[in-house]
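When reading the values below, keep in mind they use all heavy atoms of this one structure, side chains included, and skip hydrogens, waters and symmetry mates.
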Amino acid sequence: MSSTIKVNNIKNLAGDDSGIDLSTNDQIILKTANTTAITVNSSQNTTFSGDVTIGDASASDSKILFDGNAQDYHIGLDDSADSLIIGKG
């Protein structure tokens, strides 16, 4: 039994075009103040409009993982050493 709920748009109560649009060409579009902020398409490609922040300014490590078939890579912040680390594995 499927538990999927199909909706076309989820909008906020402020009256602008902010919200989640699920109605366009197999995409999920997140909008803020009438501007597209994030788009995810059916191939799982993600487009960000503007800056992307990883972390929340707390004293903790943050990273991006590239999960390949034969080899994995990472780019991350080692917060305790105040270093940017780029590595394999």
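Defined by atom type and a distance below 3.5 Å, a donor-acceptor pair is present between the side-chain atoms of S80 and D78.
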(request) Just do the side chain to side chain contact (heavy atoms under 4.5 Å, CB included) check on Y73 and I64 with the steps written out, would you? (result) CA-CA 9 Å; Y73 296 91; I64 300 172; over 6 Å; no
(request) Tell me, with the steps shown, if I28 and I20 meet side chain to side chain contact (heavy atoms under 4.5 Å, CB included). (result) CA-CA 7 Å; I28 299 172; I20 302 170; 4.0 Å; yes
(message) Before you tell me yes or no, could you show the steps for H74 and I85 under side chain to side chain contact (heavy atoms under 4.5 Å, CB included), namely the whole-Å CA-CA distance, both residues' side-chain angles and the distance that decides it to 0.1 Å?
(response) CA-CA 8 Å; H74 59 271; I85 308 295; 4.2 Å; yes
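Proximity of T46 to I38: side-chain heavy atoms (C-beta onward) are separated by under 4.5 Å at one or more points. When side chains are defined from C-beta on, F66 counts as touching I75, because their heavy atoms get closer than 4.5 Å.
Residues L77 and S60 share a closest heavy-atom pair of CD2-O, 4.4 Å. Between Q71 and K88, the closest heavy-atom pair is NE2-CG, 3.2 Å. Closest approach of D56 and S58 over heavy atoms only: OD1-OG, 2.5 Å.
Interatomic distance, F48 CZ to L30 CG, rounded to the nearest 0.5 Å: 10.0 Å. Atom CG in N41 sits 6.0 Å away from atom CD in Q27 (nearest 0.5 Å).
Under the 4.5 Å side-chain heavy-atom criterion for grouping Ile, Leu, Val, Met, Phe, Trp and Tyr, L65 is not connected to L84 through any hydrophobic cluster.
Put simply, the side chain of D72 never gets that close to the backbone of D67: no donor and acceptor are under 3.5 Å apart.
By the side-chain contact (heavy atoms from CB on, under 4.5 Å) test, S62 is found to be paired with I54, residues two or more places apart in sequence or in another chain being considered.
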